[in-house]
Amino acid sequence: MARILVTSALPYANGPIHLGHLVEYIQTDIWVRFQKLHGRRCIYVCADDTHGTAIMIRARQEGVREEDLIARMQQAHLADFSGFQIAFDNYGSTHSAENRAFCEEIWQALRHDDLVSEKEVEQLYDSAAGTFLADRFVRGTCPKCKAPDQYGDSCDKCGAHYDATDLIDPKSKHSGATPEIRKAKHLFVGIERLHAFLDQWTTSGALQTEISNYLKGHFLHEPLRDWDVSRPAPYFGFEIPDSPGNYWYVWFDAPIGYIASTKQWCDRHNEQLGDWWRSDETEVHHFIGKDITYFHTLFWPAMLKTAGYNLPKKVHIHGFLTVNGQKMAKSKGTFIKAAAYLEQLDPAYLRYYYASKLGGNVEDLDLNLDEFLTKVNSDIVGKFVNLASRTANFVRKSGLAKVYPDDGGLFAAAAHDGAAIAEAYEACDFAKAMRLIMTAADRANKFIDENAPWNLRGPEQAARQLDVCTIGLNLFRQLAVYLAPVLPKMAQDIGEFMNGALTHWSQSQQPLVGTPVDKFQHLMQRVDQKKIDAMVAASAEPDPATAPAAPAPSAGNVPTDGDEALKAEPLTAECTVDDLAKIDLRVCRIIAAEEVAEAKKLLKLTISLGGDTRRTVFAGIKGCYDPAKLVGKLYICVANLAPRKMKFGLSEGMMLAAGGEGDVHLLIPDEGSKPGQRIH
RNA sequence: CGCGGGGUGGAGCAGCCCGGUAGCUCGCGAGGCUCAUAACCUCGAGGUCGCAGGUUCGAAUCCUGUCCCCGCCA
């Protein structure tokens with residue numbers, strides 16, 4: 001194939017990059033680097049996704065122009081990506097002249113094929129904020145099961161799907177106002193006419209089988225519904241030229257951003273866009289998360305087909321990231337932003353860890369922080385880097401041997417593995433590639449152990465020592481080539497250390513001889529548990545996503561809170577100061593915490609009130625807090641509560657906490673307070 | 001009977017497509033080495049491969065049934 005064009009999904013310009021996003025960018029970047037390492041013509045394009053109501057509202061809240069907001073966000077995104085060594089060939093924006101031009105062109109093609117129709121749509125309108133409300137910006141009571149505080153499209157509690165206009169007692173998340181129902185004209189693209197094409201394309205090998213099964217079961221088994229692609233003003237986006245007052249829905253112009261970004265690259269490199277998007281000699285590969293499957297596997301191919309662009313050769317779909325087995329949560333410190341990671345840890349760790357877990361399927365990927373530490377340390381530092389670390393010093397003066405010695409077939413074996421490793425990379429089964437590489441590293445370490453170059457002293461053994469170390473370093477370099485897509489920075493350092501840049505996969509097939517070797521310097525520090533802890537601590541936010549669309553501090557906005565909690569648990573009868581004084585609340589420090597195995601909700605806590613005063617408290621917070629993370633921190637307890645015998649032991653107090661039933665939040669005294677201090 | 005994914009030694013996984021008495025990493029136990037970032041090497045304990053049937057000379061691998069877990073702003 002003459003050309004390979006690769007994309008990752010466009011990150012939305014409404015928030016920072018976090019470790020979940022990075023699964024995709026790291027996966028894509030590894031794949032692209034692998035292609036380039038083979039000398040293939042491959043470019044990697046991406047862009048910020050900048051349109052939509054959310055951006056508009058946020059800009060208003062911050063009192064800035066949308067253009068300024070998205071420009072700032074793009075800078076932040078680019079900094080995060082470059083920190084993780086994600087090497088885009090072009091990073092654009094959907095709010096670009098190029099993108100507008102391609103939107104218009106594709107729109108014309110849809111019009112030309114008579115796929116566009118108009119319909120009246122009833123939608124909730126927030127007159128206080130002056131905007132129509134997308135489903136996720138309105139909350140109200142489920143019309144089916146009456147659960148309060150549900151989104152506009154479906155109910156968390158009963159799973160019902162409905163229209164936002166059916167919500168009982170709806171409230172806008174923007175202003176808190178009760179929205180009204182307004183009618184507006186929307187434009188629709190009818191893709192049912194492309195049904196047969198989509199049946200064929202979705203089963204053509206472009207998609208993982210679980211994805212094509214899913215599409216068949218959920219969408220393609222019945223007539224495809226028309227796709228609502230316009231939004232009435234006010235909206236931040238591109239106005240539709242032949243429908244003034246209406247704008248393309250953000251999901252219409254977002255994927256077109258792939259083409260627009262390619263165009264920017266072409267203009268810079270004097271290339272023709274047609275060679276990359278209208279050519280049988282080009283493969284287009286999209287990498288996306290499972291949440292945006294249907295935009296990329298139904299609407300997008302339909303648009304491309306209609307407008308005569310290349311169809312994706314493959315849409316690689318990955319799962320979500322969980323951290324320590326659970327959804328990322330700000331309250332647990334597992335909603336980790338890229339920037340927070342980079343403050344503490346080497347991006348290479350995460351690149352390797354993700355690579356070792358990515359098998360090219362749609363399964364969710366778990367970042368287990370304990371495993372992260374042991375895996376990176378033992379694989380990269382203990383096995384791989386160690387090869388150089390234990391041999392380099394012996395060849396500093398001499399450089400590598402002039403002739404590659406007999407190594408019992410080790411180099412040849414690992415060279416032979418190269419085909420299987422490449423195949424695994426190609427198939428996005430990086431986990432398999434890493435396993436193969438580490439097996440080869442094991443063989444190399446064993447060789448060094450058996451040949452003990454440190455015992456080969458004196459002039460009569462110098463030649464043998466040189467040979468052994470030449471072998472060791474060549475096996476190391478060979479693996480460095482294999483790992484280069486995952487660890488590009490380290491590959492570069494290794495190239496410098498061994499005085500020969502690693503630029504092509506074929507370098508794994510030929511040993512290096514006769515060249516000088518620099519003084520060995522540590523290529524990677526071991527992962528430090530303290531750094532991980534610091535990252536988690538810095539990411540923890542006591543207040544989870546209850547606040548609406550994060551108001552800017554500068555604007556001085558106070559978030560509008562709902563009254564669900566108050567309704568659920570009304571205020572109790574008045575009490576006197578004396579009543580209050582009966583309760584002795586104290587600052588305490590948790591000095592031990594463990595789960596009660598037999599209990600569903602209990603943690604056994606040992607708390608200190610200062611000095612030798614200790615208490616054992618059973619708190620119903622299992623599942624809400626990781627015991628290990630509690631230890632050492634200050635909280636507030638009821639210190640004079642009568643002890644109570646429980647099945648599991650004596651509980652001598654109670655921890656103060658808000659919420660309940662799986663959603664418990666311990667109270668934290670402000671900085672400076674000390675164990676034993678009474679709360680007045 | 002919604003769809004999909006999964007159940008393999010303490011943890012995380014590979015093997016399953018193309019059946020031949022179970023493998024890797026971490027952890028654990030013992031020993032070795034001392035070149036190396038408490039790294040490396042050897043040996044060991046630990047699994048009737050969710051359960052029950054079936055096919056077969058033989059099944060983790062194929063078939064049937066069943067239980068359990070996870071995801072479905074997929």
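All figures in this text were calculated on a predicted structure; none of them were measured in a lab. Each chain gets a letter, A, B and so on, in the order its sequence line appears, and its residues count up from 1.
Residue A:Phe34 forms a ring-ring contact (aromatic ring centres under 6.0 Å, His included) with just one option from A:Tyr482, A:Tyr425, A:Phe430, and that option is A:Tyr425. Residue A:Asp417 forms a salt bridge (charged side-chain N to carboxylate O under 4.0 Å, His left out) with just one option from A:Lys432, A:Arg443, A:Arg435, and that option is A:Arg443.
Candidate nucleotides B:rG4, B:rU25, B:rU34 were compared by shortest atom distance to the side chain of A:Asn455, and B:rU34 ranks first. In the set B:rU34, B:rG12, B:rC41, the nucleotide with an atom closest to the side chain of A:Trp454 is B:rU34. Side-chain atoms of A:Lys383 lie closest to B:rC26 of the nucleotides B:rA14, B:rC26, B:rA74. Residue A:Asp364 has its side chain nearest to B:rG71 when only B:rG71, B:rU37, B:rC26 are considered. Here the nucleotide nearest the side chain of A:Asn213, chosen from B:rC26, B:rG4, B:rA36, is B:rG4. Candidate nucleotides B:rU25, B:rG71, B:rA36 were compared by shortest atom distance to the side chain of A:Ser389, and B:rA36 ranks first.
Distances shorter than 4.0 Å separate some side-chain N or O of A:Arg526 from OP1 or OP2 on B:rA39. For the pair A:His218 and B:rC3, the criterion of a side-chain N or O lying under 4.0 Å from OP1 or OP2 is not met.
When heavy atoms are screened at a 4.0 angstrom cut-off, A:Lys375 is found touching no nucleic acid atom at all. In this structure, A:Met524 reaches the bases: a heavy-atom distance under 4.0 Å links it to at least one base atom across the strands shown. Residue A:Lys446 is classed as a sugar-phosphate contact, given heavy-atom separations below 4.0 Å to backbone atoms only. Nucleic acid contact for A:Leu523: base, since at least one base atom lies under 4.0 Å from a heavy atom of the residue. Within the 4.0 angstrom heavy-atom criterion, only backbone atoms of the sugar-phosphate kind lie near A:Asp291; the bases stay farther away. Within the 4.0 angstrom heavy-atom criterion, no nucleotide atom of any strand lies near A:Thr293. In this structure, A:Asp442 reaches the sugar-phosphate backbone alone: every heavy-atom distance under 4.0 Å involves primed, P, OP1 or OP2 atoms, never a base. Using a 4.0 Å heavy-atom distance criterion, A:Phe520 is classed as making no nucleic acid contact. A:Lys357 comes within 4.0 angstrom of sugar-phosphate atoms only, judged by non-hydrogen atoms across all strands, and of no base.
With rounding to whole Å, A:His522 atom NE2 is found 13 Å from B:rA39 atom P. Nucleotide B:rG31 holds its P atom 18 Å from the CG atom of A:Asp449, rounded to whole Å. Across the protein-nucleic acid pair, A:Arg396 atom CZ and B:rA36 atom P stand 13 Å apart, rounded to whole Å. A:Leu133 places its CG atom 21 Å from the P atom of B:rC73, with the value rounded to the nearest Å. Distance, A:Phe320 CZ to B:rC72 C1': 9 Å, rounded to whole Å. Summarising the geometry, the separation between CD1 on A:Ile471 and C1' on B:rC35 is reported as 16 Å, rounded to the nearest angstrom.
Geometric assessment of A:Lys173 against the ring of A:Phe137 yields a negative cation-pi assignment under the 6.0 Å and 45° thresholds.
If you take atom P in B:rA36 and the same atom in B:rG44, they sit 30 Å apart, rounded to whole Å. Here, B:rC17 and B:rU61 have their C1' atoms 10 Å apart, quoted to the whole Å. Comparing the C1' positions of B:rU64 and B:rC26 gives a spacing of 38 Å, expressed to the nearest Å. When the P atom is used for both B:rC49 and B:rA60, the distance is 7 Å, rounded to whole Å. Comparing the same atom, C1', in B:rG9 and in B:rG5 gives a spacing of 24 Å after rounding to whole Å. Remark: the separation of the P atoms in B:rG27 and B:rA38 is 14 Å, to the nearest Å. Annotation: B:rG32 and B:rG15 have their P atoms spaced 38 Å apart (nearest Å). Taking the C1' atom of each, B:rC67 and B:rC51 are spaced 7 Å apart, rounded to whole Å.
Pairing for B:rC13 is with B:rG23, a Watson-Crick or G-U wobble pair whose two hydrogen-bonding atom distances lie under 3.5 Å. Of all nucleotides present, only B:rG54 satisfies the Watson-Crick or G-U wobble test against B:rC62, with each distance under 3.5 Å. Across all strands shown, the partner of B:rG31 is B:rC41, judged by Watson-Crick or G-U wobble contacts whose two distances both fall under 3.5 Å. Look at B:rG71: its Watson-Crick or wobble partner, with both distances under 3.5 angstrom, is B:rC3.
With hydrogens and angles disregarded, no donor-acceptor distance shorter than 3.5 Å links the side chain of A:Arg477 to the backbone of A:Met498.
Using the six-membered ring where Trp is involved, A:Phe252 and A:Trp248 have ring planes that are parallel, under 30° apart on the 30 and 60° scheme. Under the 30°/60° scheme for interplanar angles, the aromatic rings of A:Trp227 and A:Tyr249 are found to stand perpendicular.
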| said: side chain to side chain contact (heavy atoms under 4.5 Å, CB included), that's the test. Do A:Gln208 and A:Ile317 meet it? Break it down for me. | reply: CA-CA 8 Å; A:Gln208 291 123 303; A:Ile317 302 181; 3.6 Å; yes
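The ring of A:Tyr214 has its center closer than 6.0 angstrom to the ring center of A:Phe219.
Position along RNA chain B of the nearest nucleotide to A:Lys327 versus A:Asn361 favours A:Asn361 as the more 5'-ward residue. Taking the nucleotide of RNA chain B with the nearest heavy atom to each of A:Pro453 and A:Glu210, the more 5' of the two is matched to A:Glu210.
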